[in-house]
Amino acid sequence: MRLSAKFSGDPDAGSNARAAAEVVRKLRAAFQTGKSKPYEFRIRQLEGLLRFFDENVDILCAALWKDLHKPRQECIVTEIEIVKNEIRSALASLKKWMAPRPAEKSLAIMTDYPFIQHEPYGVALIIGAWNYPVNLLLSPLVGAISAGNCVLIKPSEVSENVERLLEQLLPQYLDKNCFEVVCAGPEDTSLLLKEQFDYIFFTGSTTVGKIVYEAAAKHLTPVTLEMGGKSPVYVDADADMALTAKRIMWGKTLNAGQTCIAPDYVLCTADTQRQLVEAMKKVSHDFSTDQQDSKDYCHIVSDRQFNRLKGLLKDQTIGFGGQTDAETRYIAPTVLTNVDPASDVMKAEIFGPILPIIPVADVDQAIRFVQQREKPLALYIFAKSKKVIEKILRGTTSGGACVNDTIMHVTVDSLPFGGVGPSGLGAYHGFSSFETFSHKRSILWKPHGLDFLYYSRYPPYSEGKTKGLIALLKYRRPLPSWLSTVFIFGLGGLVGYAARFLNNHFPLPAFLQQHAERLGFPSSR
């Protein structure tokens with residue numbers, strides 16, 4: 001459905017507010033029936049999402065080309081297959097993920113069963129981003145479905161061709177009562193945020209992320225905020241320059257640098273800068289001799305973003321690149337040298353194919369440079385020395401890090417992906433996605449009987465009881481899982497032995513003898 005008046009022709013904000021409230025009510029009513037919780041339902045939805053990708057590859061690639069001039073290989077690898085792998089992982093592991101997870105036992109609860117049950121939050125809102133409009137919307141959806149939630153799915157209005165496609169096609173593959181695609185501009189997204197959700201997952205800029213966080217706080221709604229920041233690259237003097245240049249340039253030109261974990265700037269010595277620029281210039285030529293007309297190179301998403309990026313080139317020393325074309329929103333892969341840390345290009349995340357290099361004296365100055373700025377979403381290190389690599393990892397903080405490569409850590413679904421501080425809150429991918437959209441419910445299941453083991457907790461209190469409780473509750477190493485089984489079997493044997501002993505020495509009254517076997521006592525006949 002579409003909320004925005006620019007699409008619907010309805011200028012009545014009140015009407016859009018009512019529509020937003022109605023769709024949330026519908027999803028909540030569906031969740032309260034328990035429809036989205038069973039394992040079989042979750043599997044069917046995941047299989048439906050997988051069919052959506054399998055049956056619409058060409059249509060998705062065409063829409064991504066119209067919005068971003070995105071090459072087909074990048075569409076398939078970074079938008080489609082990466083999400084399909086998330087789905088396959090969930091299909092293979094969901095039963096295990098949903099199973100209760102036993103917790104460690106202490107002496108005080110040796111006969112009990114403590115466990116963690118993952119439960120869906122309820123109605124989740126997922127707000128996607130324009131730079132990877134399929135991946136960054138549907139990858140978290142995999143986690144939300146796997147966890148058993150009902151979901152309001154809000155694509156980015158900036159990538160309008162993909163938005164229109166998702167609105168038309170996605171409902172054909174998912175349950176219409178539990179999942180709703182809502183198209184809305186910024187003003188109508190604000191209306192959505194006034195509604196009470198049980199979880200909000202947002203991907204986008206830090207500025208908008210703060211607005212989402214503030215709206216969620218009014219309802220105490222938990223959130224995941226996937227944002228960005230200036231992800232630094234340190235290149236050591238001993239790095240393989242040809243390989244380093246290739247991997248940095250690939251990470252920077254992928255999606256024309258419109259990637260939240262793209263290398264944002266490089267720190268290296270002045271001598272290393274000279275070698276690196278020459279190597280990157282060669283790599284750029286190897287990638288394409290005519291980037292502007294290349295089908296393997298993405299363009300900038302909008303005029304607004306194009307003009308912002310072009311403005312960052314002003315008064316900079318260009319090592320190579322710098323060519324622009326406003327009509328096609330093309331900006332060539334561009335490397336800037338000897339960049340002043342106070343210049344505009346270093347004030348915010350670049351989010352485009354422009355790479356500043358800032359000379360530093362040594363690795364220690366590079367670490368201080370990173371420490372003095374906001375914590376980035378990613379950090380990249382190119383070095384052969386294990387000592388240098390470990391020194392940088394110990395001395396810095398980032399959402400994630402990758403050594404001797406860029407971007408690739410995000411493809412490992414066993415690694416949680418997310419930021420820290422201004423670069424993000426929370427993480428997802430693989431099991432982490434399932435956990436993100438799940439409430440971890442702590443449960444202690446105590447059996448009937450055996451209450452004599454806990455007599456010390458009941459009044460009247462005494463010093464002896466207090467000492468007994470202290471001994472029971474004192475932290476020790478967690479007990480082996482088999483010990484409680486042995487204890488229960490031993491206790492059962494002891495009770496049986498006691499019953500036989502009492503029967504032998506204190507026979508049952510004659511009027512009970514005839515019922516002894518039925519009651520579980522050995523007959524003395």
Side-chain angles (χ1 to χ4, degrees), residues 27-47 49 86-126 139-152 175 177-179 196-201 216 219-224 413-418 425-451 454 473 475 478-485 487-488:
L27 293 170
R28 193 169 303 285
F31 179 76
Q32 288 172 350
T33 67
K35 184 177 184 179
S36 63
K37 294 181 181 181
Y39 169 80
E40 294 76 14
F41 178 86
R42 304 183 198 191
I43 290 293
R44 285 197 302 272
Q45 303 314 301
L46 291 170
E47 289 173 342
L49 193 56
E86 289 277 329
I87 299 171
R88 294 183 189 114
S89 174
L91 287 170
S93 307
L94 185 57
K95 189 164 286 188
K96 180 177 68 175
W97 293 351
M98 290 176 64
R101 293 181 172 261
E104 293 177 343
K105 293 186 179 183
S106 66
L107 189 61
I109 58 168
M110 186 163 56
T111 61
D112 306 336
Y113 180 39
F115 62 97
I116 299 166
Q117 183 68 61
H118 288 86
E119 296 185 342
Y121 276 106
V123 177
L125 168 64
I126 298 177
S139 182
L141 178 62
V142 174
I145 292 173
S146 300
N149 297 277
C150 293
V151 188
L152 195 159
D175 184 275
N177 292 317
C178 295
F179 305 97
Q196 183 168 359
F197 292 91
D198 299 300
Y199 201 91
I200 297 176
F201 191 107
H219 298 291
L220 298 180
T221 301
V223 298
T224 292
D413 68 6
S414 57
L415 291 176
F417 172 71
L425 176 67
Y428 71 122
H429 286 179
F431 178 64
S432 294
S433 292
F434 176 82
E435 281 201 309
T436 287
F437 286 96
S438 298
H439 165 62
K440 300 178 188 66
R441 190 180 190 184
S442 300
I443 301 172
L444 178 64
W445 192 315
K446 297 181 78 73
H448 281 291
L450 304 179
D451 204 44
Y454 307 104
L473 297 173
Y475 177 80
L479 298 177
S481 57
W482 51 263
L483 188 58
S484 58
T485 304
F487 177 79
I488 291 170

Lys/Arg cation over aromatic Phe41: Lys35, 6.0 Å, 45° cone: no
Mind checking the [atom1]-[atom2] spacing from [X] to [Y]? Nearest 0.5 Å is all I need.
X      : Y      : atom1 : atom2 : answer
Ile109 : Leu473 : CD1   : CG    : 10.5 Å
Gln45  : Phe179 : CD    : CZ    : 5.0 Å
Glu86  : His429 : CD    : NE2   : 5.0 Å
Ile87  : Leu94  : CD1   : CG    : 12.5 Å

Taking everything shown except Lys95 itself, do over 12 heavy atoms lie less than 6.0 Å from its NZ? no
Pro102: which residues meet the side-chain contact (heavy atoms from CB on, under 4.5 Å) condition with it, sequence neighbours left out? Tyr113
In chain order, what residues pass the side-chain contact (heavy atoms from CB on, under 4.5 Å) check against Glu47, with sequence neighbours excluded? Ile43, Arg51, Leu91
Look at the rings of Tyr199 and Phe437 and say which category their plane angle falls in: under 30° parallel, 30 to 60° tilted, over 60° perpendicular. tilted
Once the angle between the rings of Tyr428 and Phe201 is folded into 0 to 90°, is it parallel (under 30°), tilted (30 to 60°) or perpendicular (over 60°)? perpendicular
Any side-chain heavy atom of Lys105 sitting closer than 4.5 Å to one from Met110? no
Do Asp198 and Arg28 pass the salt bridge (Lys or Arg N to Asp or Glu O under 4.0 Å) test, and can you show the C-alpha distance, the side-chain angles, and the key distance before you say yes or no? CA-CA 10 Å; Asp198 299 300; Arg28 193 169 303 285; 2.8 Å; yes
Residues in salt bridge (charged side-chain N to carboxylate O under 4.0 Å, His left out) with Asp451, at least two apart? none
Which of these passes side chain to side chain donor-acceptor pair (under 3.5 Å) with Glu119: His439, Arg441, Lys37? Arg441
